[in-house]
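Just so it is clear, the structure is predicted and the values come from calculations on it, not from any experiment.
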Amino acid sequence: MAASSTESFCERLSEKLAAMSKTKGVDIDVSVLEAQRLFGNLPSTPLVMVIDYYHNDYEEAEATTVTSLKHTYPRREFKDHGKLSNFVCDSRGFEELVRGLACRFSNRSSQHKILLNKVVKEIFYSERGVGVKLEDGSTYRAKYVVVSVSIGVLQSNLIRFTPTLPMWKMNAISEFDMSVYTKIFLKFPYKFWPTGPGTEFSLYAHSRRGYYPFWQHLENEYPGSNILFVTITSEESRRVEKLSNEAVQREAMDVLRKMYGDRIPNPEQILVPRWSMDRLYKGSYSNWPNGYTKAKHDQLKARVGSVYFTGEHTNSRYLGYATGAYLAGWLPACPLYTI
C-alpha cells in the first residue's frame, strides 16, 4: 500500500514538473529519492529498501539518488502496454528479432549487404561525406553514417571521431547514464525452493541496498531445469563483475543458505554476465539521470554534419527498452533511405 501511494505521488509530482516546463519554460527536475523525501516515505529498513528496490532500481538499474523523476514517472512503457511482464523463453532469444529485421536487407545486392564481426575504430566526416575505418584496416565511405552503438560505447574510447565531436555533443554524451543490469544464473542438481502459483519471485532483505535482492526460478518457463537466477544492478553489478565466478558463487550461496538453510547443494553451473566490461556494450541500457535536461537530450540525439546518432538512449518515451531502440532507429533511417 505504501509503495503504491508513493508511486502515485511520484507520478503527480512528475506531471506538475512537466507542466511547469511547458507553461513557464523552466526545466525543473528532482531525483526519485528527493520525491520520496518530499512525500515523507524514505526507505529505511532492509525490508522496505528491498521493496523499493523492486519498484525502482530493478527497472532503471540505477539508484533512486541518481534517477530523474520527471523522465521516469509515469513509466510510459507500463502506461502504453500494461504492467504485465512476460518472460521470453523462446530458445532463439532476441536474436531472432534482429534476424527478422535484417533479412529484408541481407538478401539484396552486395551494395546493401550487412557485414558481421566488424569493429569500428574511427569515423571521419566532412562536408563531402563520411568514412568508417575498421579494426581490420578496411575503410568504407558513404554520404552519411548512422551511429547506433550504446551510450556506454560512445562514452568510451572505442570509436574515434575525426574531427573531434563539438563540445556540446561531447557533453551531452558524457552526462547521460549507462546502467548495468546483471542476471546471474545458477543451475542446481535438484530443486530446493517452493514452486507453484505465487512462488516464482523471492526478495532478499539486506542492510546493504541491492545485495543479491531479487531471485527468480524458471520452473514455469523451463520445468525441470532446476535454475535460479538473481538480479543485481548498478554499482553492485560493477563490483560483482570484477570477482571470479567462484567468488560470486560463494556470495550467492551464502544468501541462498540464509534463505533456505545450510543443507542446500552447490550449483552445478553458474553464468555471470559482465556487460560493463564488454567493450562492445559497456553496460546494459541507459538511464535518464536527475538534472539532465530535455534540451541536452535533444543534443544527444542530434546529428553532427553527416553523422547521425540513434539507439535506445535517444528515445525518451521507451528509454532502455528494445521498443525504444527499434523506434529510434526509424527516425534517421527513413529519410536517409530515400536519399
- Item | Verdict with reasoning, Leu327 to Tyr318, per side chain to side chain contact (heavy atoms under 4.5 Å, CB included) | CA-CA 9 Å; Leu327 295 176; Tyr318 301 122; 3.7 Å; yes
- Query: Taking only residues two or more places apart in sequence, or in another chain, which ones meet Glu241 in a side-chain hydrogen bond (donor to acceptor under 3.5 Å, both in side chains)?
  - Reply: Ser276
- Query: Going from CZ on Phe185 to OG on Ser225, what distance comes out if it is rounded to the nearest 0.5 angstrom?
  - Reply: 10.5 Å
- Message: Let me confirm one number: the CD-CG distance from Glu34 to Leu13, rounded to the nearest 0.5 Å.
- Response: 10.0 Å
- Item | Inter- and intrachain pairs under side-chain hydrogen bond (donor to acceptor under 3.5 Å, both in side chains), touching residues 183-197, at least two apart | none
- Message: Can you confirm whether more than 12 heavy atoms, excluding those of Arg257, are under 6.0 Å from its CZ atom?
- Response: yes
- Task: Quick one: list whatever passes side-chain hydrogen bond (donor to acceptor under 3.5 Å, both in side chains) with Trp168, sequence neighbours left out.
- Result: none
- Determine, stepwise, if the pair Glu62 / Thr233 fulfils side chain to side chain contact (heavy atoms under 4.5 Å, CB included). CA-CA 7 Å; Glu62 283 200 306; Thr233 58; over 6 Å; no
- Message: Restricting to non-hydrogen atoms, name the atom on Gln155 and the atom on Ile173 that form the minimum distance, rounded to 0.1 Å.
- Response: NE2-O, 2.8 Å
- Task: Can you establish whether the number of heavy atoms outside Arg263 located under 6.0 Å from its atom CZ is more than 12?
- Result: no
- Heavy-atom pair with the smallest gap, counting every atom of Val145 and Val132: CG2-CG2, 3.9 Å
- Determine, step by step, whether Glu236 and Tyr211 satisfy the side-chain hydrogen bond (donor to acceptor under 3.5 Å, both in side chains) criterion, reporting the C-alpha distance in whole Å, the side-chain angles of both residues, the deciding distance to 0.1 Å, and the verdict. CA-CA 7 Å; Glu236 194 64 24; Tyr211 188 77; 6.0 Å; no
- Side-chain hydrophobic cluster, 4.5 Å single linkage: members besides Leu42: Leu33
- Task: Please determine, by modelled atom types, if Asp52 and Gln36 share a side-chain donor-acceptor pair under 3.5 angstrom.
- Result: yes
- Say whether, by atom type as modelled, one donor and one acceptor occur between the side chain of Glu312 and the main chain of Gly320 under 3.5 angstrom. yes
- Donor-acceptor contact below 3.5 Å, side chain Ser14 vs main chain Cys10: no
- Item | Residues that Asp278 engages under side-chain hydrogen bond (donor to acceptor under 3.5 Å, both in side chains), provided they are two or more places apart | none
- For the residue pair Phe309 and Phe161, does the interplanar ring angle fall in the parallel (under 30°), tilted (30 to 60°) or perpendicular (over 60°) class? tilted
- Item | Partners meeting ring-ring contact (aromatic ring centres under 6.0 Å, His included) with Phe214 (sequence neighbours left out) | Tyr54, Tyr58, Phe201
- Message: Can you tell me how the ring of Tyr144 sits relative to the ring of Tyr308, calling it parallel under 30°, perpendicular over 60° and tilted otherwise?
- Response: perpendicular
- Message: Please report the interatomic distance CD(Glu7) to CG(Asn56), rounded to the nearest 0.5 Å.
- Response: 8.0 Å
- Is Gln216 reaching over with its side chain to a backbone N or O of Val230, donor-acceptor style, under 3.5 angstrom? no
- Keeping the roles fixed (side chain from Ser174, backbone from Asn171), state whether a donor-acceptor pair exists under 3.5 Å. yes
- Please lay out, stage by stage, how Ile123 and Ile159 fare under the test side chain to side chain contact (heavy atoms under 4.5 Å, CB included). CA-CA 7 Å; Ile123 296 174; Ile159 302 175; 4.0 Å; yes
- Apply ring-ring contact (aromatic ring centres under 6.0 Å, His included) to His297 and list each qualifying residue two or more places apart in sequence or on a separate chain. Phe176, Trp288
- In terms of heavy-atom contacts, Pro267 and Leu186 come closest through CG-CD2, 3.8 Å
- With sequence neighbours excluded, what pairs up with Tyr222 under the ring-ring contact (aromatic ring centres under 6.0 Å, His included) test? none
- Task: Could you tell me which residues satisfy side-chain hydrogen bond (donor to acceptor under 3.5 Å, both in side chains) with Asn220, sequence neighbours excluded, listed by chain and number?
- Result: Glu200
- Item | Derivation of the side-chain hydrogen bond (donor to acceptor under 3.5 Å, both in side chains) call for Tyr321 and Glu77 | CA-CA 9 Å; Tyr321 285 83; Glu77 63 277 6; 3.1 Å; yes
- Message: Main chain of Gly311, side chain of Thr314: is a donor-acceptor contact present, judged purely on distance under 3.5 Å?
- Response: yes
- Message: Under 4.5 Å between side-chain heavy atoms, counting indirect links through other Ile/Leu/Val/Met/Phe/Trp/Tyr residues: same cluster for Val248 and Phe229 or not?
- Response: no
- Query: Which of these passes salt bridge (Lys or Arg N to Asp or Glu O under 4.0 Å) with Arg75: Glu60, Glu59, Glu11?
  - Reply: Glu60
- Correct closest heavy-atom pair for Lys70 and Ala18 would be CD-N, 3.7 Å
- Item | Straight-line distance of Ser150 OG to Leu280 CG, nearest 0.5 Å | 9.0 Å
- Query: Do side-chain atoms of Ser31 reach the backbone of Asn290 as a donor and acceptor pair under 3.5 angstrom?
  - Reply: no
- Message: So, taking the atom named CD in Gln269 and the one named CD1 in Ile227, what distance separates them when rounded to the nearest 0.5 Å?
- Response: 8.0 Å
- Message: For the backbone of Tyr181 and the side chain of Ser284, can you confirm whether one donor and one acceptor N or O come within less than 3.5 Å of each other?
- Response: yes
- Please check if atom CG in Asn157 has more than 12 non-hydrogen atoms from other residues, nucleotides or ligands closer than 6.0 Å. no
- Item | Closest non-hydrogen atom pair, Asp29 against Ser68 | OD2-OG, 2.5 Å
- Sequence-distant partners of Glu235, salt bridge (Lys or Arg N to Asp or Glu O under 4.0 Å), two or more places apart: Arg238
- Report the C-alpha distance between Asn41 and Ser5 in whole Å, list the side-chain angles of each, state the deciding distance to 0.1 Å, and finish with yes or no for side-chain hydrogen bond (donor to acceptor under 3.5 Å, both in side chains). CA-CA 10 Å; Asn41 190 30; Ser5 299; over 6 Å; no
- Query: Any donor and acceptor pair, going by atom type alone, linking the side chain of Tyr285 with main-chain N or O of Val180 inside 3.5 Å?
  - Reply: no
- Message: Give me the atom names and distance for the closest heavy-atom approach of Gly324 to Asn315.
- Response: O-CB, 3.5 Å
- Task: Just grab all the side-chain hydrogen bond (donor to acceptor under 3.5 Å, both in side chains) pairs involving residues 120-140, residues at least two apart or on different chains.
- Result: Lys118-Asp136, Glu122-Arg160, Glu122-Thr162, Glu135-Arg279, Asp136-Ser138
- Asp57 side, atom CG; Ile232 side, atom CD1 - distance, nearest 0.5 Å: 12.5 Å
- Query: For Glu268, does the CD atom have more than 12 heavy-atom neighbours from other residues, nucleotides or ligands under 6.0 Å away?
  - Reply: yes
- Does anything in residues 237-262 pair up under ring-ring contact (aromatic ring centres under 6.0 Å, His included), and if so which pairs, sequence neighbours excluded? Phe192-Tyr260
- Message: Under a 3.5 Å distance rule, please check whether Lys282 uses its side chain to pair with a backbone N or O of Ile151 as donor and acceptor.
- Response: no
- Check the surroundings of atom NZ in Lys294: do more than 12 heavy atoms from other residues, nucleotides or ligands lie under 6.0 Å from it? no
- Item | Basic-acidic side-chain contact under 4.0 Å: Glu246, Arg250 | no
